[in-house]
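Atoms considered below: every heavy atom in the structure, side chains included; atoms not considered: hydrogens, waters and symmetry mates. Reminder, nothing fancy here: chain letters follow the sequence lines and each chain counts from 1.
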Amino acid sequence: MNDMPPRDFIRQIIHDDLQSGKHATIVTRFPPEPNGYLHVGHVMSICLNFGVTEETSGKTFLRFDDTNPGKEREEFVRAIERDVHWLGFDWEDRLTHASDYFEQLYASAERLIELGVAYVDSLTADEIREHRGTLTEPGRNSPYRDRSVAENLDLFRRMRKGDFADGEHVLRAKIDMASPNMNLRDPALYRIRHINHQRTGSDWCIYPMYDFAHTMSDAFEGITHSLCTLEFEDHRPLYDWFLDQLEPAHRPRQIEFSRLNLAYTITSKRKLNALIEADVVTGWDDPRMPTIAGMRRRGYPAAAMRDFVKRCGVTKKDKLIEMGVLENSIREELGEQAQRRMAVLRPLKVVLTNYPENQVEMMSALNHPNRPELGTRELPFSRELWIEQDDFMEEAPRKFFRLKPGGEVRLRFGYIIRCDEVVKDGDGQIIELRCSYDPDTRSGSGTSDRKVKGTIHWVSAAQAVPAEVRLYDRLFTVPDPSAVEDFMTALNPDSLQVVEAKLEPALAEQPAGEAVQFERLGYFSVDSEDHSIEALVFNRIVTLRDSWAKIERQAMPAS
RNA sequence: UGGGGCGUAGCCAAGCGGUAAGGCAACGGGUUUUGAUCCCGUGAUGCGCAGGUUCGAAUCCUGCCGCCCCAGCCA
């Protein structure tokens with residue numbers, strides 16, 4: 001199989017179970033409820049469940065936990081399927097729904113009644129809550145707890161037939177109202193809901209609760225290891241109780257791990273939805289959203305997401321991962337894969353006074369500095385160019401080795417130029433730089449070995465292609481927005497900046513879904529929704545590491 | 001003040017009685033026509049705290065402290 005030592009405690013358990021012969025093949029499942037979009041936290045679960053079977057030639061089910069009609073929608077199941085596929089995993093023919101098992105689940109429930117360990121309770125929801133007790137006080141038995149098997153069976157069958165209204169009765173497990181574990185104080189198994197289900201229509205008016213449906217679905221599918229997050233840890237005794245009572249052919253084992261929390265983000269579906277409702281973002285796939293759909297639209301590579309969760313590890317400790325880890329995974333992947341192009345985000349006009357008017361030279365530019373096999377492209381060079389406003393400083397510090405009055409800088413893949421004159425408008429704003437170029441310094445010509453400290457990017461003005469470029473930043477200003485009273489107050493007002501950029505011509509044909517590096521700026525990709533040949537729209541995936549920004553920050557500790 | 005978990009560097013994380021891996025970040029230095037990439041180097045006499053067992057403890061025992069989860073007919 002594989003000789004690599006297990007990476008985490010779950011793989012350790014699986015390895016041991018394979019070694020001991022307890023299981024010949026591993027079977028896991030990823031069981032989302034289709035009531036929202038998948039987010040970073042789910043990426044961890046998906047990679048774990050599918051990863052573990054990929055490594056051991058096992059099988060993984062994609063099972064929709066659709067036991068609560070009304071909250072679940074078809075839109076979400078399609079989005080979830082797309083997200084799991086995009087991440088690079090395949091469930092083949094193992095796409096299931098908890099609703100596929102409604103009939104078997106019902107039969108199991110009757111069995112529980114026959115065994116005398118389940119009963120129909122006729123208390124109201126409020127009364128049940130009152131009877132449950134508190135964390136420190138035991139609960140009290142329901143007056144309906146000792147109904148006979150026959151009466152329970154009759155009532156339950158009539159519940160199914162639709163003889164009762166919502167909330168009139170509920171099927172409960174008969175365990176222990178005094179258990180210190182609240183989950184064992186006669187948990188509800190079935191509730192009446194006269195509502196159509198997205199898949200079973202009006203076939204049912206009673207629906208199973210999570211604990212029951214999930215445990216038995218695992219058993220029906222022959223799941224060997226049921227991996228879930230920490231908050232279900234004290235549901236495990238209940239999970240095992242169902243298995244003990246019903247003794248299914250397969251006995252799955254539930255193992256819990258801690259969820260992955262990303263700093264400066266929230267993953268609560270309720271809060272994510274609130275952001276959409278408040279128009280803070282444009283939807284579930286807004287590039288600032290921590291949803292898989294949002295990250296995909298932003299341009300994050302699936303390979304980077306997988307690498308990211310791998311670096312985070314699988315443990316039982318609560319974690320809040322720094323953004324830097326995610327960004328590192330993205331940069332590492334894109335640094336290797338993305339071709340390089342030039343684009344100017346905040347243009348400043350440069351006129352080369354000694355360059356012939358109307359002349360256009362084609363400069364050869366490497367598509368990837370470390371991968372010559374990716375070839376070159378031609379860049380038009382002319383008398384009027386755009387450079388980045390940030391690459392010029394009228395009063396520059398010693399360490400600033402870009403363009404300054406009287407200073408020289410290399411234009412990447414072009415010539416070395418010198419700034420001779422700064423042109424300003426009536427308000428003192430710099431509107432143009434008049435420079436001269438050194439004809440002996442053409443890139444690659446070898447006619448000059450002159451060196452200058454700085455190299456900046458540029459785009460020839462006449463051939464420049466205009467584009468809208470969306471610059472994203474973190475959505476929140478605090479590391480753990482979920483800990484803030486009103487998370488809306490922690491929003492970053494500058495999470496999106498839109499600029500009108502000037503691109504080199506080749507960028508007009510940038511294929512969708514393929515990230516590109518704008519040299520010296522970062523990684524970008526075409527927006528899957530708003531981009532068109534007529535109106536180019538790019539999203540910034542992530543900036544490049546910027547040690548100059550760090551130097552500036554240290555120089556002026558304020559702001 | 002019931003029950004269940006978790007505490008190793010700023011953030012993650014190995015470690016499974018034999019003397020603290022690795023990654024990210026940070027900080028120094030080198031290469032560089034991207035202040036990118038790449039390459040070198042730097043961090044715990046210390047593993048939540050206090051005792052104990054042992055020749056030897058992050059690993060075993062006891063006690064304490066801190067943080068997270070649980071009182072849906074949600075998942």
Side-chain angles (χ1 to χ4, degrees), chain A residues 5 7-8 12 31-33 35 65 67-68 71-72 121 123-125 128-130 132-139 166-172 178-185 187-193 206-207 209-211 213-214 228-237 256 258 260 263 269 308 310-329 331-332 335-336 340 342 366 368-370 399-402 409-414 416 441 443-444 451-457 479 517-522 543-551:
Chain A
R7 286 212 305 273
D8 52 70
Q12 176 73 255
E33 180 188 13
N35 68 343
D65 217 331
T67 57
N68 191 7
K71 286 194 175 176
E72 298 149 5
D121 197 355
L123 251 23
T124 64
I128 286 181
R129 190 180 318 117
E130 285 164 24
R132 191 154 24 232
T134 68
L135 293 178
T136 52
E137 303 157 21
D166 287 8
E168 224 176 305
H169 302 289
V170 62
L171 182 72
R172 292 230 260 170
S179 173
N181 181 343
M182 302 295 293
N183 296 116
L184 264 23
R185 318 247 265 224
L189 267 28
Y190 267 89
R191 74 289 216 187
I192 300 171
R193 277 261 204 304
I206 58 172
Y207 293 96
M209 298 291 291
Y210 163 82
D211 288 291
H214 186 259
C228 63
T229 42
L230 249 31
E231 65 269 30
F232 294 103
E233 205 146 21
D234 31 64
H235 288 239
R236 184 161 18 104
E256 313 82 15
S258 59
L260 185 165
K269 285 176 188 170
F308 168 62
K310 185 173 180 176
R311 286 174 196 258
C312 292
V314 178
T315 65
K316 301 190 67 155
K317 190 169 99 174
D318 289 338
K319 52 182 132 220
L320 184 61
I321 309 290
E322 292 177 344
M323 272 284 193
V325 182
L326 210 209
E327 294 182 341
N328 177 262
S329 293
R331 290 184 182 121
E332 198 166 278
E336 175 72 16
R340 266 106 259 218
M342 290 212 281
L366 245 23
H368 191 119
N370 309 323
K399 299 275 286 293
F400 183 85
F401 36 90
R402 275 118 87 161
V409 75
R410 162 136 240 142
L411 291 178
R412 166 136 253 227
F413 302 126
I416 289 176
T441 57
S443 181
K451 297 272 186 191
V452 287
K453 42 261 141 196
T455 298
I456 65 173
H457 59 278
Q517 182 191 106
F518 287 179
E519 292 213 32
R520 301 211 309 133
L521 296 173
T543 63
L544 251 32
R545 269 200 192 80
D546 187 353
S547 52
W548 170 250
K550 199 181 302 174
I551 292 169

If you take atom types as modelled and just measure distance, does the side chain of [X] reach the base of [N] with a donor-acceptor pair under 3.5 Å?
| X | N | value |
| --- | --- | --- |
| A:Thr455 | B:U34 | no |
| A:Gln517 | B:U34 | yes |
| A:Arg340 | B:U34 | yes |
| A:Glu256 | B:G5 | no |

Is it true that A:Lys71 and A:Glu33 make a salt bridge, defined as a side-chain N closer than 4.0 Å to a carboxylate O?
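The answer is no: the pair does not qualify as a salt bridge.
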Between [options], spot the one nearest the side chain of [X], thanks.
| X | options | result |
| --- | --- | --- |
| A:Ile128 | B:C24, B:C73, B:A75 | B:C73 |
| A:Asn181 | B:G3, B:A75, B:C11 | B:G3 |
| A:Glu231 | B:U34, B:C27, B:C69 | B:C69 |
| A:Lys317 | B:G7, B:U34, B:A75 | B:G7 |
| A:Lys550 | B:C6, B:C27, B:C68 | B:C27 |
| A:His235 | B:G3, B:C73, B:A75 | B:A75 |
| A:Phe232 | B:C70, B:A75, B:C12 | B:A75 |
| A:Glu233 | B:C12, B:C24, B:G4 | B:G4 |
| A:Val170 | B:C6, B:U33, B:C73 | B:C73 |

Pairwise 5' ranking along RNA chain B for A:Ala125 and A:Gly444, keeping only the more 5' one:
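Result of the comparison: A:Gly444.
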Once you apply a heavy-atom cut-off of 4.0 Å, does [X] come out as touching a base, just sugar-phosphate, or nothing?
| X | value |
| --- | --- |
| A:Phe401 | base |
| A:Met209 | sugar-phosphate |
| A:Leu135 | base |
| A:Gly335 | nothing |
| A:Arg132 | sugar-phosphate |
| A:Pro369 | base |
| A:Phe400 | base |
| A:Arg236 | nothing |
| A:Ser443 | base |
| A:Tyr207 | nothing |
| A:Ala188 | sugar-phosphate |

Sticking with atom [atom1], work out how far [N] lies from [M], rounded to a whole angstrom.
| N | M | atom1 | answer |
| --- | --- | --- | --- |
| B:C12 | B:A50 | C1' | 28 Å |
| B:G10 | B:U53 | P | 32 Å |
| B:U59 | B:G23 | C1' | 23 Å |
| B:A20 | B:U8 | C1' | 8 Å |
| B:C11 | B:C67 | P | 16 Å |
| B:C47 | B:A13 | C1' | 13 Å |
| B:A9 | B:G18 | C1' | 24 Å |

For [X] and [N], is the shortest distance between a side-chain N/O and OP1 or OP2 below 4.0 Å?
| X | N | result |
| --- | --- | --- |
| A:Thr315 | B:A13 | yes |
| A:Arg193 | B:C74 | yes |
| A:Arg311 | B:A13 | no |
| A:Lys453 | B:G35 | no |
| A:Lys71 | B:A75 | no |
| A:Arg191 | B:A75 | yes |
| A:Lys316 | B:C68 | no |
| A:Ser329 | B:C24 | no |

Taking syn as any angle within 90 degrees of 0 and anti as the rest, which one fits B:G72?
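With its glycosidic angle within 90° of zero, B:G72 counts as syn.
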Using a 6.0 Å cut-off, check whether atom NZ of A:Lys269 has over 12 heavy atoms from anything other than its own residue.
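Atom NZ in A:Lys269 is crowded, with more than 12 foreign heavy atoms closer than 6.0 Å.
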Atom-pair distance (CG on A:Leu230; P on B:C68), nearest Å
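The distance from CG of A:Leu230 to P of B:C68 comes to 13 Å, rounded to the nearest Å.
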Mind listing the closest non-hydrogen atom pair of A:Ile416 and A:Thr441 along with its distance?
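Heavy-atom minimum between the residues: N-OG1, 2.9 Å.
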